[in-house]
Engineer: 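Here it is, the structure, as structure tokens.
Naming convention: chains lettered A, B, ... in sequence-line order (proteins, then strands); numbering from 1 in each chain.
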Amino acid sequence: MHLLAIDTSTSAITVALFDGSRVTAESTTLDPRAHAEHLAPGIRDVLDQAGVEPGEVTGVVVGIGPGPFTGLRVGIVTARTFGFALGVPVRGLCSHEALAHQAWLAGRRGGLLVATDARRKEVYAAEFTLTSTGSERVGDVLVSRSTDLPEHWRVLPTVGRGPLLYPDSLLGGIPSGVVGSELLDVSAGALGDLAARRWSAGEALPTAALEPGGGFDGLEPLYLRRPDTQPAPPSRKSTLG
Amino acid sequence: MADEPLVLGIETSCDETGVGIVRGERLLVDAIASSVDQHARFGGVVPEVASRAHLEAMVPTIERACRDAGVALRDVDAIAVTAGPGLAGALLVGVGAAKALAVALGKPLYGVNHLASHVAVDIVEHGPLPEPAMAMLVSGGHSSLLLVPDVTHDVRSLGATMDDAAGEAFDKVARVLGLPFPGGPHIDRAAREGNRIAIDFPRGFTSGRDLERHRFDFSFSGLKTAVARWVETRQRAGEAIPVADVAASFQEAVVDVLTRKALLACKEHEVDHLLIGGGVAANSRLRALAQERCDKAGVVLRVPRPELCTDNGAMVATLGAQMVLKGRAPSDLGLPADSSMPVTLVQA
């Protein structure tokens with residue numbers, strides 16, 4: 001298999017190819033405001049590195065967030081369109097689960113908080129338990145001010161950029177014993193590894209319906225916020241002064 | 001592919017998700033998904049709502065375009081996409097999809113200018129463009145007069161609106177009159193029953209020093225305010241508002257200025273073909289008055305059918321195909337979406 005993994009939910013534009021047992025190529029660029037510029041060159045780059053033709057890709061997995069909307073959509077539309085063009089399945093996974101899996105792959109065990117930048121002075125956050133067999137999310141993914149997160153979350157070791165942005169409220173900090181910089185943003189390699197493990201374990205991952213008129217159940221972005229909109233005001237201001 | 005390239009074009013600069021496919025200078029399909037209904041209650045396009053709708057509509061619209069045209073994606077020779085100008089978040093969905101197609105299919109990518117695409121689309125409707133042509137683009141986001149020696153790489157801006165776009169003025173006046181969004185079609189309809197010389201609304205930049213300094217520029221903000229004041233004065237006096245007459249007189253003021261300046265530009269630049277594009281080109285009075293004045297001036301008027309005047313993917317595919325036909329190099333895969341892409345930059 002050649003699984004293409006993509007995530008644009010954090011500051012990293014990250015792409016990897018996974019052959020079922022290991023990451024064969026990975027490309028990551030840090031640029032929180034230019035996801036569309038770097039993603040397609042990154043895909044071409046990993047294909048070239050691994051010597052894989054686009055037509056040999058057997059599936060796509062994409063991080064569906066949560067993350068800043070504009071960048072997040074670039075990854076999801078790219079994954080959906082790439083998969084559609086090649087007629088291969090596209091699967092979505094929560095990006096926070098990829099970050100937790102990264103910590104698990106780095107050897108971390110026990111309780112873990114994933115807290116990523118949601119802008120507007122808020123974080124996206126979720127609690128995980130890491131055991132010898134893998135990571136498991138406990139409860140929902142939230143968007144909130146870091147100070148409003150549950151007390152017991154804020155003292156957990158934390159991955160994602162949350163602790164760098166809000167060190168006074170996310171007290172657990174980056175977990176000890178791992179190289180911190182690797183756990184700030186999602187790695188597509190970890191996303192691909194997680195997808196392949198779940199896939200081979202027989203877990204049904206959400207798949208884009210490639211049939212005409214099919215929807216994208218499970219490949220919807222985890223927006224967690226509604227668009228900022230205000231209905232047009234009923235009365236307009238006077239033009240007569 | 002050399003003489004008849006098969007090109008798929010994607011347009012997502014505002015609230016229409018458009019995917020068009022052309023073969024050379026022949027239109028095969030123009031598939032559109034619009035989110036306009038989701039914006040109506042907000043009185044204008046909400047960027048985040050538009051971006052979300054683009055994401056959901058993107059693949060289904062590509063799929064529908066291919067099916068209706070009987071084209072397999074792998075047979076496409078090149079991908080074209082609107083790189084700007086437009087809403088940044090909206091543009092990025094189309095640019096992301098186009099790049100994914102280019103990489104997956106191993107095809108060249110052309111990032112093109114939205115405004116130049118509006119000019120180019122008339123090639124699939126009325127044949128090759130005369131070089132140079134004069135083009136007037138009027139929509140909710142733009143009001144521009146362009147001199148177009150070569151639509152694939154040489155587009156010159158003669159003037160543009162200094163404040164509201166023409167279509168924006170239609171939306172705002174529609175609100176004053178209690179008509180729904182988008183205002184253009186509703187004002188057009190109301191105006192058919194009205195007297196267009198009932199009220200003498202102002203014509204911006206059409207006389208004296210204004211005309212000298214802003215020869216081919218437009219201003220519609222003063223007109224919009226004049227309409228609002230006229231209406232409010234009557235309302236305060238407890239009088240009924242003659243909606244049809246206000247709509248007709250306002251519309252006449254807009255199309256009078258547009259056509260007058262477009263023909264002045266044709267005359268001064270010695271161009272004998274005028275092309276009108278953009279959503280406002282669907283306005284029936286603009287089409288009628290432009291035809292009347294062009295006939296009088298000996299200028300050939302070209303206006304695509306209304307579906308090709310509003311935003312669509314066919315126009316992007318058309319311009320992309322012209323670039324292939326003229327041997328222009330493809331864009332870099334790293335091309336950005338440029339929300340304020342200048343009209344003079346035809347290719348990103």
Engineer: With a cut-off of 6.0 Å (strictly less than), are more than 12 heavy atoms of other residues, nucleotides or ligands near CD of A:E53?
Structural biologist: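 No, CD of A:E53 has 12 or fewer neighbouring heavy atoms, counting only those of other groups under 6.0 Å.
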Engineer: What are the two closest non-hydrogen atoms of A:P54 and B:A104, and how far apart are they?
Structural biologist: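 Taking A:P54 first and B:A104 second, the nearest heavy atoms are CB-O, 3.4 Å.
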Engineer: Taking all atoms of both residues into account, what is the closest heavy-atom pair of B:A97 and A:T81, and its distance?
Structural biologist: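 That closest heavy-atom pairing would be O-CG2, 3.5 Å.
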Engineer: In terms of heavy-atom contacts, does CZ of B:R74 have more than 12 from other residues, nucleotides or ligands at under 6.0 Å?
Structural biologist: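 No - once you tally the heavy atoms of other residues, nucleotides and ligands closer than 6.0 Å, there are 12 at most.
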Engineer: Please classify the contact of B:L335 with chain A as side chain, backbone, both or neither, using a heavy-atom distance under 4.5 Å.
Structural biologist: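 Contact with chain A: backbone only.
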Engineer: Can a salt bridge be assigned to the pair B:E48 and A:R73 using a cut-off of 4.0 Å between side-chain N and carboxylate O?
Structural biologist: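 The answer is yes: the pair qualifies as a salt bridge.
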Engineer: Need one label for A:L86: side chain, backbone, both or neither, based on atoms under 4.5 Å from any heavy atom in chain B.
Structural biologist: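 Side chain only.
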Engineer: Looking at B:A98, B:G89, B:P336, which one has more heavy-atom pairs under 4.5 Å with chain A than the rest?
Structural biologist: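 Top option by heavy-atom pairs under 4.5 Å: B:P336.
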Engineer: Ignoring hydrogens, what is the shortest heavy-atom contact between B:A100 and A:F82? Give both atom names and the distance.
Structural biologist: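 Of all heavy-atom pairs spanning B:A100 and A:F82, the closest is O-CD1, 3.7 Å.
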Engineer: Is there a side-chain contact between A:P221 and B:L55 (heavy atoms, below 4.5 Å)?
Structural biologist: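 A side-chain contact exists here, since the closest heavy-atom pair is under 4.5 Å.
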Engineer: State, to 0.1 Å, how close A:T78 and B:G96 come at their nearest heavy-atom pair, and which atoms those are.
Structural biologist: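 That closest heavy-atom pairing would be OG1-O, 3.7 Å.
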Engineer: Output, in order, the C-alpha distance, side-chain angles, deciding distance and verdict of side-chain contact (heavy atoms from CB on, under 4.5 Å) for B:L92 and A:V77.
Structural biologist: CA-CA 9 Å; B:L92 281 168; A:V77 79; over 6 Å; no
Engineer: Give, as side chain, backbone, both or neither, the part of A:L4 having an atom under 4.5 angstrom from any heavy atom of chain B.
Structural biologist: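 For A:L4, there is no contact with chain B at all, as no heavy atom is under 4.5 Å.
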Engineer: Run the side-chain contact (heavy atoms from CB on, under 4.5 Å) check on A:F84 and B:L73 step by step: do they pass?
Structural biologist: CA-CA 10 Å; A:F84 171 75; B:L73 269 181; 3.7 Å; yes
Engineer: Indicate yes or no: does A:R80 engage B:E56 in a salt bridge with an N to O separation below 4.0 Å.
Structural biologist: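 Answer for the salt bridge query: yes.
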Engineer: Using only non-hydrogen atoms and a strict under-4.5 angstrom cutoff, which residues of residues 18-38 of chain A touch chain B?
Structural biologist: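 A:A36, A:E37 fall under the 4.5 Å cut-off.
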Engineer: Where does B:R52 contact chain A at under 4.5 Å (heavy atoms): side chain, backbone, both or neither?
Structural biologist: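 Both backbone and side chain.
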